[in-house]
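Before any comments, here is the structure.
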Amino acid sequence: MARFLLLCAILHRDLEESAVRTTYDAIIIGAGHNGLCLAAYLARAGLDTAIIERRHEEGGGANTEDPVVSGFRFNMHANYMEFFDIMPMIEDFDLENCGLRSITAENQAGIAFSDGRPPIVLHRRDLLDKTHKSISQYSSADADLYVEIQNRIKDFGPLLGLGMYSPPFKEMDDGQAAYLEAVFGDMGITAADTAKTPKVMIDELFESPEMRTLLYRVSVEFGVGIDTANSGGMILTALPWMIGCWRLAKGGTHTLAKAMTQACYANGVDLIENTEVDRIIVEDGRAVGVVARGTEFRANKCVVTNADPKQTLIDHVGEEHLPPNWVRRAKNFRFGPSHVLATPMFCLYDAPDYKSARWDPDINKTHYTVVGYDTPEEAIRYIRDAYSGTVPEPAAGTWVNSLWDPSQAPPGRHAATGWYFFPCASELSAHEWAEVRATYNDRFLQRWGEFAPNMNRDNVIDDRLYTPDQMERKNYMWEGDFSNGEMSVDQMGMSRPWPEASSYRLYLDGLYLCGPSAWPGGGMRAAAGYNAYKVIAEDLDLPSPVKTERGY
Amino acid sequence: MTLKDTYDAIIIGAGHNGLTLGAYLARSGLDVIVLERRHEEGGGLCSEEVTQAGFVHNMHANYHTFVDMAPPVADLDVRGHGIEYVRPDVQMASIFDDGTALTIHTDMDKTLASMARFNEDDAATFARLYGEAHGFVDLLLGTLMYQPPLSVKELTKALASFGVEDRSEFLSVKLRRETINQFLDQHFKDDRIKAHLAFHGAVCAYTNDVPGLAIGYPLLVGKIDNWHICLGGSHRLAHALWRDLAQHGGVMWSDAEVTNVIVDANRAVGVRLADGIELKARKLVASTVSVEQTFLEFVDPADISEEFATDVKTKVQHKDWSLFSVHLAMSAFPEYTAAEFDPDVNRAWVVNLGIDSPAKLDRDWAEIRRGRLVEPQPNAAVNSLYDPTDAPPGFATGLLRQFAPFAVADGGEGAWDEMGRWYGQKCIDAWRRYAPNLTDDAIVDWSVFTPHDIARKLPNMVKGDWMMGEISLANMLDQRPLPELGEYRTPIEGLYMAGSTQHPHGFITFGPGYNALQVIADDIGIEKWWRQI
């Protein structure tokens, strides 16, 4: 008896004694994949590191949920990883043994048509013959050119890696133009062509309306509007390179966040969830900690934030600690209208069966299928509508991940998702967004049925639409902007988020940026986190993560 | 990169038992991998935003009652991993159709005062029984739950030698012949007090009309004021356990569906995953999923005896009722009309609605066991009353739970897909009768989670059985889930059962994982660095 009472007493005492730690070397705000990446490197370098996350779940935009019907998983934000092969963290932290597995679909991107014309399917880079055949149905010149581009940019990866996994530098922009001229000069492409918009570049290069339509859509998927100046070069470089290697994280994109989190845990990172940061503590011009849910957390060496610089400087730091030009820059940092997306989630009995599949069954098993445009004009109108604040006529880039990864839906069933480009969250009232949520999937489904007749209500077990206003609430992706900051020329490269802040250092000593608002922007690449580590390592004299054989 | 294919210990299922066992083994120096079929660790500890962004709903486990006594909480430094528990000061309430309400507080004087308004003798009886039980509850729970099970016979002997009969009639061994209803009838007068206490048993899966379950009732009453909310959602506990595992060198893979346990010469030597990956186990494989999955799906029939296979097929007992849930995103907190009688009901975490007598509950059980849906009298939990982080400022989450059949008489479990919204609306309507302010304007969004959904999300909860095995005398202690498996060992060497199919049972107890650890430690020679119960 005495033994038991003693035991109970011991248990109670221990409970009371263990307290949550509040002092660290480094505090990172936000457990998005960039924050996780940075934390792992900092902890490995010996810094006592904590991540403070507002939500109950790590991963930020790398989230996968089954909110409609159990067992149908959906990536609410990021759906694919195009940089898997060049992401330093995967190699450096052996993420595959932390549970990260991936699938690279053979049929990468395609477009179907409502009149049952042949589809175009762009295949994995090792299957260029199939791609050539597919494009040739419309234009052998386009097919030759696309394959030629793919062949010439085969080795673009390391260069892209160097550009992305380094803080932005001047030679990078010039280098891009030089690369374009060096690789494509004999085809009449000059450095000056980088100034063009993607649309102009696509129109100049490809003659078939079908190919143009597909490429317009793919271009905007990456957050670059078809009318954005100084982005045309990517049509010859990054865009075809990425189409060759879109990957799915097996089980959902959240698996990437899980593996990263595991690497963080194994290296001793403290992940403090469910704790929203209210402000950053500034003493003598230096960021020395944060106040989160009433608790003061001290950071002896640095505070790094995944949040955007506007929230960070205006809400968390306070104008009184900043010079006027920083306040002006922060207040005028822009979100959207590019890359503002809504995610539909359809739980299906059967995968879509396209009319166009009678020409090429691969379109029924393509990772990414564009649905809703029969003409380039429709695609252009859609994109321009969305960018200018109008809910566009229904169309989408769609994914049926369960075609390639059966674990994402119950046996024999399919989980279909996609992206609608939509106006910024603030363009519509809460009531209007509720209306969109109640009606838009139906409208899209009706349109989808014109392309794939089995896509009707009878084939849908249940569905839901996740809209930009909800993304704001869930992830503080303002306006529903997946890149948390417009990827326009004046906010990219050495100007992201703005020129004075492009080194990831945010005016105050010890304060840094590591999220998608920093270079190189949104997307699953953990580059901003990696680059922030490089900069902090320089400032704090920590080991460099660069590997010679990798080049960055 | 080469995939590592050999571990000391492979654990199937990353629910709280699997993670607990994994963390202890990792802390003991073993190379551990925990494999989870879902994309998310935690099993029943899942919290999801099923209504709207920013509203965190506990899909399964909502009440944590053993956090202050489960040894792993201290051994694995769960609180050091950032878990915060809140023990609501108004724990529970029952609102009756006559407009009265009974409230259970952490302050026992307040609870007794509330009971006394119904019947002063009953309040005195409850005070006496609670007092008698309470001194022994932690002792009893500690000895019973956190070690491999004794047989009923041994237990009876132990309790007798302890002189338990002299200490409290509430702890009498004769209770093992009685139902909770009988116990309540013998001790209490007011039907409403009995109804609340019967409901309390049922909500803990100790169904009030099942013979023998009175024996577990003192333990429930002793913990009646000890329900905790895991701030930010129950899922955070899963994160904490996972973190402990990973900090000590273990790994957890999500989306790793085990399809086979590989057996060689009657010894479990590894597992195969749905995507073909094979992992080898040097020392052990532990399953925390159901008995049926483990022995009828994962293990080759040639590796177990026909007799054992038949036992698994025919003798594993599951609960004969399940739970139907409605998750709500709300812009208002419920304001009950019964607050005129007792203002504290508006602050009660869990409110039981309209069950005026055990007889009313019994009538529902009879219907539910026939596969019929009853007129809903749900219980309503509003975590946001005590957790400001589970909903955006000014908003609240709500959870309605209604006892319900797994398979509906007309249409089986599949019928739930058609009836879910309809029945959910009826549950909301029922709530509104007691809290009229919850109009459509106050409900931002809602989503249902049916018994069928339980089984689909977590197939280890066979037939929507959220306790992973019936709670009955015949399925307790070393008889749970089968006599052959009662000691966590299985007919296959190196294969252990460590989930809620085992003693003590489901709920967030940590018991099965912790107890399996004791057996595994004995078998493979791990020094027990943790405190012994």
Side-chain angles (χ1 to χ4, degrees), chain A residues 1 4-5 7-8 10-12 14-15 18-21 55-58 64-71 73 90-91 94 96-99 101 250-252 254-255 258 261-266 268 270-276 293 405-408 410 461-462 466 470-475, chain B residues 1 3-4 37-41 47-54 56 67-69 71 73-74 77-82 84 138-139 142-143 162 231-233 235-236 239 242-243 245-247 249 251-257 274-275 277 389-390 392 417 447 449 453-454 456-458 531 533:
Chain A
M1 178 70 196
F4 293 122
L5 290 180
L7 172 77
C8 295
I10 290 170
L11 289 174
H12 282 281
D14 279 8
L15 287 179
S18 52
V20 173
R21 293 186 46 209
R55 296 187 66 228
H56 67 298
E57 196 61 74
E58 76 288 343
T64 304
E65 302 180 12
D66 57 352
V68 191
V69 177
S70 283
R73 292 184 203 160
I90 292 180
E91 179 189 12
D94 193 11
E96 289 178 88
N97 275 313
C98 294
R101 287 148 291 148
K250 213 183 111 39
H254 197 50
T255 313
K258 286 251 171 264
T261 303
Q262 201 139 262
C264 283
Y265 285 159
D270 272 1
L271 174 50
I272 303 164
E273 295 139 336
N274 200 39
T275 303
E276 179 165 7
R293 202 141 63 76
D405 179 7
S407 75
Q408 299 199 26
I461 299 163
D462 205 351
Y466 174 59
Q470 295 185 311
M471 292 176 190
E472 280 197 335
R473 189 187 276 176
K474 192 187 200 90
N475 277 343
Chain B
M1 194 176 321
L3 213 52
K4 179 172 147 180
R37 184 189 62 88
R38 293 191 70 228
H39 60 298
E40 204 52 80
E41 75 288 349
S47 307
E48 300 177 5
E49 290 172 302
V50 286
T51 55
Q52 298 261 325
V56 179
V67 291
D68 55 351
M69 64 170 315
V73 173
D77 193 20
V78 163
R79 294 194 198 225
H81 291 306
E84 300 156 278
D138 282 358
L139 159 71
T143 46
F162 185 60
L231 274 198
H235 190 54
R236 297 192 62 233
H239 275 226
W242 169 35
R243 175 173 158 197
L245 168 81
Q247 280 184 347
V251 294
M252 188 278 299
W253 281 13
S254 53
D255 193 53
E257 181 179 1
D275 53 8
I277 293 175
T389 68
D390 77 346
D417 290 354
S447 142
F449 195 65
D453 290 329
I454 295 178
R456 272 189 293 207
K457 193 186 274 289
L458 301 168
R531 291 181 212 89
I533 292 285

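Note on naming: letters A, B, ... go to the chains in the order of the sequence lines (proteins, then strands), and numbering restarts at 1 for each one. Note that the structure is predicted; figures quoted are calculated from it, not measured.
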| task | Give, for atom CG of B/D275 and atom NZ of A/K250, the distance between the pair rounded to the nearest 0.5 Å. | result | 4.5 Å
| said: Does any backbone or side-chain atom of A/I461 lie under 4.5 Å from a heavy atom of chain B? Answer side chain, backbone, both or neither. | reply: neither
| query | What residue in B/G233, B/G54, B/A246 has the most heavy-atom pairs under 4.5 Å with chain A? | reply | B/A246
| With a 4.5 angstrom heavy-atom cut-off, which part of B/V251 approaches chain A: side chain, backbone, both or neither? | both
| request: Answer with side chain, backbone, both or neither: which region of A/D66 has an atom nearer than 4.5 Å to a non-hydrogen atom of chain B? | output: both
| said: Taking side chain as everything from C-beta outward and backbone as N, CA, C, O, which of these in B/D390 sits under 4.5 Å from a heavy atom of chain A? Side chain, backbone, both or neither. | reply: neither
| task | Could you look at B/Q247 and say if it's the side chain, the backbone, both or neither that has a heavy atom under 4.5 Å from chain A? | result | both
| task | Identify, with sequence neighbours excluded, every residue that meets ring pair (Phe, Tyr, Trp, His ring centres under 6.0 Å) alongside B/W253. | result | none
| message | Please classify the contact between B/A274 and chain A as side chain, backbone, both or neither, with a heavy-atom cut-off of under 4.5 Å. | response | neither
| task | Name the region of A/E58, side chain, backbone, both or neither, that has any atom closer than 4.5 Å to a heavy atom of chain B. | result | both
| Going through the distances and angles, do A/D94 and B/K4 end up as a side chain to side chain contact (heavy atoms under 4.5 Å, CB included)? | CA-CA 10 Å; A/D94 193 11; B/K4 179 172 147 180; over 6 Å; no
| field | Verdict with supporting geometry, B/H239 and A/E57, side chain to side chain contact (heavy atoms under 4.5 Å, CB included) | value | CA-CA 9 Å; B/H239 275 226; A/E57 196 61 74; 3.1 Å; yes
| note | Assert top hit (heavy-atom pairs under 4.5 Å, partner chain B, pool A/G252, A/G71, A/A263, A/C98) equals A/C98
| Closest-packed option against chain A by number of heavy-atom pairs under 4.5 Å, given B/R456, B/R37, B/Q52 | B/Q52
| What residue, out of A/D270, A/N475, A/T261, A/T255, has the most heavy-atom pairs lying under 4.5 Å from chain B? | A/D270
| query | What residue, out of B/E257, B/R243, B/K457, B/R38, has the most heavy-atom pairs lying under 4.5 Å from chain A? | reply | B/R243
| message | Below 4.5 Å, heavy-atom pairs only: which of B/R236, B/H81, B/E84 has the largest tally toward chain A? | response | B/R236
| message | Let's test your reading of the structure: which of B/S447, B/A53, B/G82, B/S254 forms the most heavy-atom pairs below 4.5 Å with chain A? | response | B/A53
| message | Which atoms of B/I277 are under 4.5 Å from chain A, going by heavy atoms: the side chain, the backbone, both sets, or neither? | response | side chain
| query | What distance do A/S70 atom OG and B/L458 atom CG have between them, rounded to the nearest 0.5 Å? | reply | 7.5 Å
| task | Count the heavy-atom pairs under 4.5 Å between each of A/Q408, A/M471, A/R473 and chain B, then report the option with the highest count. | result | A/R473
| said: Once side-chain hydrogen bond (donor to acceptor under 3.5 Å, both in side chains) is applied, do any residues pair with A/R73, and if so which ones, sequence neighbours excluded? | reply: B/H39, B/D255
| field | A/Q262 side chain to B/M252 backbone, donor-acceptor under 3.5 Å | value | yes
